[in-house]
Amino acid sequence: MRSDSEPRTIRELGFKTWLTDVLWYHHKGKIIAGLAGVVVIIWLITLVTSKTSPDITVVLVTTQEVDSYAVNSLETVFADALGDENGDGEKYVSITQYVLGTASSAGSVVYSASASVTASFLNNDLVLYLFDEAALASYNIDERFSEKLAENYGGENRAVCLSGLPIIREIGFTEEYPLYLCFKGEVYAYKSSSLTEEEYYGTAIKLVDRLYEIYGEQ
C-alpha cells in the first residue's frame, strides 16, 4: 500500500490537481524563493544594461559647496556641447565634485576630498578639471596640468578661465567667483600607459573646442 506521504503523480491526478495539491503543496517555499531570485537577477541585468555611461567625467574641485543646480547646469551645457561621444544614444557628462576640507566614506574608510583629488591623477579616464580660484592655487603645480593646452584657449599658468564665457557666468561662476579649467598634464599614470595622445586627450579637447565654438563671445 502506498504511503500517504508519497507524492501522487501527474498521471494519477491530472496536471492541474498535481500542480496545486502536490507541487505547490510540497515545494511552495522553494518555488517562491526561486521566483524571487529570478526577479532579482532580471532587475540587476536591467539596471546594468540601462545605466547610461558618461561621455566624459569632469572633476570639480572647490573650497566651498557648489549647489546642485549649478553642477547640473554645467553637466547640461557640457553634454550639449560634446554630444553623444560614446554612441550609446545619450548625451551625458558627469561632474564629480570635491569640496576641500570635507570627507567622504566608503565602508569603514574615510577619504578626505584632497586625498581623493590627488588619487584622481592616477586615473587616465579623468583629464578635465574645474577649480575655483582657491582650489586652483592648491593644485596648479608644474607638470600636473598642461600649459600648452591651456594656452590654446587663451589660458595662462596652465588654467583657462571659463568665466569668460557668458553661459558659465549665467550659471553663477562670475568674476567674483570664477571657474577655471585645466587639462591634466602628462603625469606618471599616462606616461606609464600605452595610451596615445588622441586616446588620452581626444574627448576632452573635443568638449572644450565645442564649448568655445558654441558659447564663445560673439
Flag side-chain contact, heavy atom, 4.5 Å: [X] against [Y]:
X    : Y    : value
I205 : Y153 : yes
L122 : V187 : no
Y180 : V160 : no
L179 : L181 : no
V127 : V58  : no
P54  : T57  : yes
V61  : L130 : no

Do the side chains of E151 and K148 get close enough for a salt bridge, i.e. N-O under 4.0 angstrom?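 No, this pair does not count.
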
- Would K91 and D80 pass as an ion pair if we require N to O under 4.0 Å?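 Looking at D80 together with K91, the answer is yes, because their closest N to O distance falls below 4.0 Å.
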
Keeping the roles fixed (side chain from [X], backbone from [Y]), state whether a donor-acceptor pair exists under 3.5 Å.
X    : Y    : answer
K184 : L126 : yes
N140 : L136 : no
R210 : A81  : yes
S163 : R169 : no
D55  : V93  : no
E75  : S94  : no

| message | Other residues, nucleotides and ligands only: do more than 12 of their heavy atoms fall within 6.0 Å of CD on Q97? | response |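 Atom CD in Q97 is crowded, with more than 12 foreign heavy atoms closer than 6.0 Å.
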
- Query: Applying the 4.5 Å side-chain criterion to the ILVMFWY set and letting contacts propagate, would I214 and L162 be lumped into a single cluster?
  - Reply: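 As far as the 4.5 Å side-chain criterion goes, L162 and I214 are connected within one cluster.
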
Return the minimal non-hydrogen interatomic distance between E186 and E197, and the atom names on each side.
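Taking every non-hydrogen atom into account, OE2-OE1, 4.2 Å.
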
Check whether NZ of the Lys or CZ of the Arg R144 lies under 6.0 Å from the centre of the six-membered ring of F121 and within 45 degrees of that ring's axis.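 Verdict for F121: a cation-pi partner in R144.
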
Compute whether any side-chain donor of one residue and acceptor of the other, for [X] and [Y], lie under 3.5 angstrom apart.
X    : Y    : value
E176 : T174 : yes
Y92  : N86  : no
D132 : Y177 : yes
S120 : Y129 : yes

Subject >> Distance, nearest 0.5 Å, that separates OG of S116 from CG of L100 >> reply: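 Spacing of OG (S116) from CG (L100) equals 10.5 Å.
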
Would you please classify the geometry between the F131 ring and the F145 ring as parallel, tilted or perpendicular, with 30° and 60° separating the classes?
->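 Perpendicular, since the angle between the ring planes exceeds 60°.
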
